[in-house]
J.: 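Here's a structure for you.
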Amino acid sequence: MQDIVITLLQKMFILTLQMSVPILLVGVVIGLMVSIFQTVTQIQESTLTFVPKIVGCVVLLIFLLPWMMGVFITTVNEFNSMIPQLIGAM
């Protein structure tokens, strides 16, 4: 029983990382590029840091949504197939 629960938790954490890391990386890269641009040009506009990050993350989310849904549905189906094992282990 404990092994199944640990496996489920590991898979959930991996799924969370798989879905969040690409979007977070794009946000970090765009933020770094905007910071370098602000440093070079000495423009200190606060909205300049947020708008490109939001636009970049939304565009990436639109492109990655089919892949993310496929991975999510596959994982949920795996979890559903493990339900009889969980019930039998009780």
J.: Between Leu24 and Phe13, is there a shared hydrophobic cluster once you connect ILVMFWY residues whose side-chain heavy atoms come closer than 4.5 Å?
T.: no
J.: Is there a path from Phe37 to Val26 through hydrophobic residues (I, L, V, M, F, W, Y) whose side chains come within less than 4.5 Å of each other?
T.: yes
J.: Quick one: do Leu61 and Met19 end up in the same hydrophobic cluster if we chain Ile, Leu, Val, Met, Phe, Trp and Tyr together by side-chain heavy atoms under 4.5 Å apart?
T.: yes
J.: Given side chain to side chain contact (heavy atoms under 4.5 Å, CB included), test Phe72 with Val76 step by step and report yes or no.
T.: CA-CA 6 Å; Phe72 184 75; Val76 168; 3.8 Å; yes
J.: How far does CD1 of Ile43 sit from CG of Leu48, to the nearest 0.5 angstrom?
T.: 7.0 Å
J.: For residues Val59 and Phe63, determine if any side-chain heavy atom of one lies less than 4.5 Å from a side-chain heavy atom of the other.
T.: yes
J.: Using the rule side chain to side chain contact (heavy atoms under 4.5 Å, CB included), only one of Val34, Thr39, Leu32 pairs with Ile36; which is it?
T.: Leu32
J.: Once you round to the nearest 0.5 Å, how far does CD1 of Ile30 lie from OG of Ser35?
T.: 11.5 Å
J.: How far does CG of Leu8 sit from CG of Leu15, to the nearest 0.5 angstrom?
T.: 12.0 Å
J.: State whether the number of non-hydrogen atoms from other residues, nucleotides or ligands found under 6.0 Å of Phe50 atom CZ is greater than 12.
T.: no
J.: Rounded to the nearest 0.5 Å, what's the gap from CD1 on Ile73 to CG on Asn80? Could you check?
T.: 11.5 Å
J.: Between Leu64 and Pro22, is there a side-chain heavy-atom distance shorter than 4.5 Å?
T.: yes
J.: To the nearest 0.5 Å, what is the distance between CE (Met68) and CG (Leu60)?
T.: 8.0 Å
J.: Can you measure from CD (Gln38) to CD (Gln44) and round to the nearest 0.5 angstrom?
T.: 5.0 Å
J.: Kindly determine whether Met12 and Thr75 satisfy side chain to side chain contact (heavy atoms under 4.5 Å, CB included), including the steps that lead there.
T.: CA-CA 8 Å; Met12 285 191 294; Thr75 306; over 6 Å; no
